[in-house]
Amino acid sequence: MHPIRIEPAHGPLMEAATALLNRFFVEEGFSTASDRIAENVRRMSADPWHWIAVALDRDRAVGVVTVSTALYVEWGRFGEIGDLYVLPEARGRGVAGALLGAAVEWSRDLGCSTVGVTVTPGAENAYDLRNFYEHLGFRFSGRTTGVREVG
Ligand SMILES: CC(C)(COP(=O)(O)OP(=O)(O)OC[C@H]1O[C@@H](n2cnc3c(N)ncnc32)[C@H](O)[C@@H]1OP(=O)(O)O)[C@@H](O)C(=O)NCCC(=O)NCCS
């Protein structure tokens, strides 16, 4: 089996990343409009504190990861895995592991002390995500995330 390559999503790979993220959002039932996804991918890809990368199987994009970073009193710079998606037919071959490994490496190189992820209840039920992330070195402290829309 040939190796999976992880590449930042610039140029034509930005379109591939956008297509994968659109598919991810539709499959998981997130209501974000596709033009908003495309615009935010463009903004994140142009911003040095954010990272979007795709996994290439030969030349086909089969997975995507996004990382957003911010400064906190508790952690200094903190990286958050915002999105992680692998095409159904490419799962179970280490693609997500490779994407996460590259995301952690990028975060460390940028100066992050910690990388986190939020797991939605739907994704936890569908993919046993806590176990998945724990297997890959994350630990869940029981914190919960609240959001309030302000714009
Ligand atoms: C979750 C998802 C990203 C996994 O992708 P994948 O490419 O099949 O995962 P991998 O094959 O890279 O698995 C990586 C490792 O985790 C292990 N693993 C996979 N699922 C696991 C689980 N439920 N519990 C424990 N370990 C698990 C694998 O065995 C592998 O271990 P290894 O590196 O020791 O061999 C994929 O199913 C997906 O895209 N789901 C829909 C989107 C989603 O929910 N994303 C998460 C949003 S936060």
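No experiment lies behind these values; they were computed from the predicted model shown. Indexing begins at 1, ligand by ligand and atom by atom, following the structure's order.
Residue Ala96 has at least one heavy-atom neighbour below 4.0 Å for each of these atoms of ligand 1: 3 (C), 4 (C), 5 (O), 6 (P), 7 (O), 9 (O), 12 (O). Taking every non-hydrogen atom of Arg93 and a distance limit under 4.0 Å, the qualifying atoms of ligand 1 come out as 11 (O). Close approach of ligand 1 to Glu28 (heavy-atom distance below 4.0 Å) involves ligand atoms 41 (C). Heavy-atom proximity to Asp128, at under 4.0 Å, picks out these atoms of ligand 1: 23 (N), 24 (N). Close contacts of ligand 1 with Gly92, meaning ligand atoms under 4.0 Å from a residue heavy atom, involve 6 (P), 7 (O), 8 (O), 11 (O). Every atom of ligand 1 with a heavy atom of Tyr85 under 4.0 Å away is listed here by number and element: 39 (O), 42 (C).
Residue contacts with ligand 1, taken as heavy atom pairs separated by less than 4.0 Å, involve Tyr133 solely via side-chain atoms from C-beta onward.
Across all non-hydrogen atoms, the minimal contact from Arg93 to Asp57 is NH1-OD2, 3.2 Å. Pairing each heavy atom of Ser45 with each of His10, the nearest pair is O-CE1, 3.2 Å. The shortest heavy-atom contact between Ser107 and Val67 is OG-CG1, 3.7 Å. Summarising the geometry of Cys112 relative to Thr69, their closest heavy-atom pair is SG-CG2, 3.9 Å, with the distance given to 0.1 Å. Of all heavy-atom pairs between Val115 and Phe78, the closest is C-CZ, 4.3 Å. Nearest heavy atom pair, residue Val95 against residue Ala55, reads CG1-CB, 3.6 Å.
Of the polar atoms of Phe24, none of the N or O atoms is found under 3.5 Å from an N or O of ligand 1, judged by distance alone. Considering backbone and side-chain N/O atoms, Val117 never comes within less than 3.5 Å of an N/O atom of ligand 1. At under 3.5 Å, a nitrogen or oxygen of Gly94, whether backbone or side chain, sits near a nitrogen or oxygen of ligand 1. The N/O atoms of Ala123, backbone and side chain alike, include none that comes under 3.5 Å of an N/O atom in ligand 1.
The protein non-hydrogen atom at the shortest distance from atom 12 (O) of ligand 1 is Gly97 N, 2.8 Å. Nearest protein heavy-atom neighbour of atom 33 (O) of ligand 1: His135 NE2, 4.3 Å. Of all protein heavy atoms, the one lying nearest to atom 45 (N) of ligand 1 is Leu84 O, 2.6 Å. Of all protein heavy atoms, the one lying nearest to atom 18 (N) of ligand 1 is Phe132 CD1, 3.8 Å. Looking at atom 37 (O) of ligand 1, its nearest protein heavy atom turns out to be Arg91 CD, 3.3 Å. What sits closest to atom 44 (O) of ligand 1 on the protein, heavy atoms only, is Tyr127 CD1, 3.3 Å. Ranking protein heavy atoms by distance to atom 39 (O) of ligand 1, first place goes to Val86 N, 2.9 Å. Remark: minimum distance from atom 1 (C) of ligand 1 to any protein heavy atom is reached at Leu129 CD2, 3.6 Å.
Proximity of atom 26 (N) of ligand 1 to the protein is indicated by at least one non-hydrogen atom lying closer than 4.0 angstrom. Protein non-hydrogen atoms do not reach within 4.0 Å of atom 29 (O) of ligand 1.
The main-chain N or O of Arg43 is never found under 3.5 Å from a side-chain atom of Asp47 such that the two would form a donor-acceptor pair. The backbone N or O of Arg130 lies less than 3.5 Å from a partner atom in the side chain of Glu124, making a donor-acceptor pair.
The residue from Ile4, Ile6, Leu13, Val62 that alone fulfils the side-chain contact (heavy atoms from CB on, under 4.5 Å) condition with Leu56 is Leu13.
Salt-bridge annotation for Arg42 and Glu39: present, with a side-chain N of the basic residue lying under 4.0 Å from a carboxylate O of the acidic one.
Between the side chains of Glu28 and Tyr85, no donor-acceptor pair is found at a separation under 3.5 Å.
For the atom pair CG of Leu20 and CG of Leu84, the computed distance is 11.0 Å after rounding to the nearest 0.5 Å.
Ring-plane geometry between Tyr133 and Phe138 is classed as perpendicular, the angle between the planes exceeding 60 degrees on a 0 to 90 degree scale with a lower cut at 30.
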